[in-house]
Q: 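Mind looking over this structure? Questions follow.
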Amino acid sequence: MTPLFRRSGPAPQDRLVTLIRKPGCHLCDDAQVIVEKVCDELGVSWEQKDITEDAQLHDQYWEQIPVVLVDGEQHTFWRVNEGRLRKALA
């Protein structure tokens with residue numbers, strides 16, 4: 001493929017996925033499994049944040065958890081689609 005048609009996005013090691021969750025949330029547990037798998041396979045860093053420990057995150061996302069951010073931008077909420085996350089990080 002010629003350089004003209006290649007994506008020129010950030011390298012995997014420069015990406016960050018953030019999982020916003022709360023304790024006792026089964027959807028959050030499901031989302032974490034997918035986030036861990038995709039990020040580990042692609043070499044992408046990821047973190048998790050607990051809305052019960054951050055008032056701003058709670059106010060912003062409490063109706064949508066789990067929420068996945070890619071490089072600080074909301075990617076999805078409630079259910080994480082492995083293929084869609086993988087594509088967003090590729």
Q: Can you tell me how far the NZ atom of K49 sits from the CG atom of D54, to the nearest 0.5 Å?
A: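 With rounding to 0.5 Å, NZ (K49) is 7.0 Å from CG (D54).
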
Q: Heavy atoms only: give me the nearest A88-H75 pair and the separation to one decimal.
A: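 Closest pair (atom of A88, atom of H75, distance): CB-CE1, 3.7 Å.
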
Q: Please report the shortest heavy-atom distance between C25 and R21, naming the atom on each side.
A: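 Shortest heavy-atom contact: O-NH2, 4.1 Å.
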
Q: Apply side chain to side chain contact (heavy atoms under 4.5 Å, CB included) to the pair H58 and T52, showing each step before the final yes or no.
A: CA-CA 7 Å; H58 181 272; T52 66; 5.8 Å; no

Q: Minimum heavy-atom separation for L16 and V44, please, with both atom names.
A: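 The answer is N-CG1, 4.4 Å.
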
Q: Check salt bridge (Lys or Arg N to Asp or Glu O under 4.0 Å) between E82 and all other residues, then give those that pass, not counting sequence neighbours.
A: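 Testing E82 for salt bridge (Lys or Arg N to Asp or Glu O under 4.0 Å), a comparison that skips the adjacent residues, returns K37, R86.
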
Q: Any idea which heavy atoms bring C39 and V17 closest together, and the distance?
A: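 Residues C39 and V17, closest heavy atoms: SG-CG2, 3.7 Å.
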
Q: State, to 0.1 Å, how close I34 and V80 come at their nearest heavy-atom pair, and which atoms those are.
A: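 Nearest heavy atoms, I34 then V80: CD1-O, 3.2 Å.
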
Q: Consider only side-chain heavy atoms of I, L, V, M, F, W and Y, link residues closer than 4.5 Å, and tell whether V70 and W46 are in one cluster.
A: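 Same cluster: V70 reaches W46 through Ile, Leu, Val, Met, Phe, Trp or Tyr contacts under 4.5 Å.
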
Q: Which value, rounded to the nearest 0.5 Å, describes the distance between Q32 atom CD and L27 atom CG?
A: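 The distance works out to 13.0 Å.
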
Q: So, using side chain to side chain donor-acceptor pair (under 3.5 Å) as the criterion, who are the partners of N81 when residues are at least two apart?
A: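 Expected list: none.
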
Q: Hydrophobic clusters join Ile, Leu, Val, Met, Phe, Trp and Tyr when side-chain heavy atoms are under 4.5 Å apart, directly or via other members; which others share one with L69?
A: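 Same cluster as L69: I20, I51, L57, Y61, W62, I65, V67, F77, W78.
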
Q: Find out whether E73 and D71 are in side-chain contact, i.e. whether some heavy atom of one side chain is under 4.5 Å from a heavy atom of the other.
A: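 The answer is no; the side chains never approach within 4.5 Å.
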
Q: Quick check: do L19 and C28 have side-chain heavy atoms less than 4.5 Å from each other?
A: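 SC-SC contact between L19 and C28 ruled out.
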
Q: When rounded to the nearest 0.5 angstrom, what is the spacing between CD in E36 and CD in Q48?
A: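 Nearest 0.5 Å value for the CD-CD distance: 7.5 Å.
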
Q: Within this structure, what is the CZ-CZ distance for the pair R79 and R84, rounded to the nearest 0.5 Å?
A: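 Going from the CZ atom of R79 to the CZ atom of R84 covers 15.0 Å.
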
Q: Between V68 and T18, is there a side-chain heavy-atom distance shorter than 4.5 Å?
A: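 Not touching, per the 4.5 Å side-chain cut-off.
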
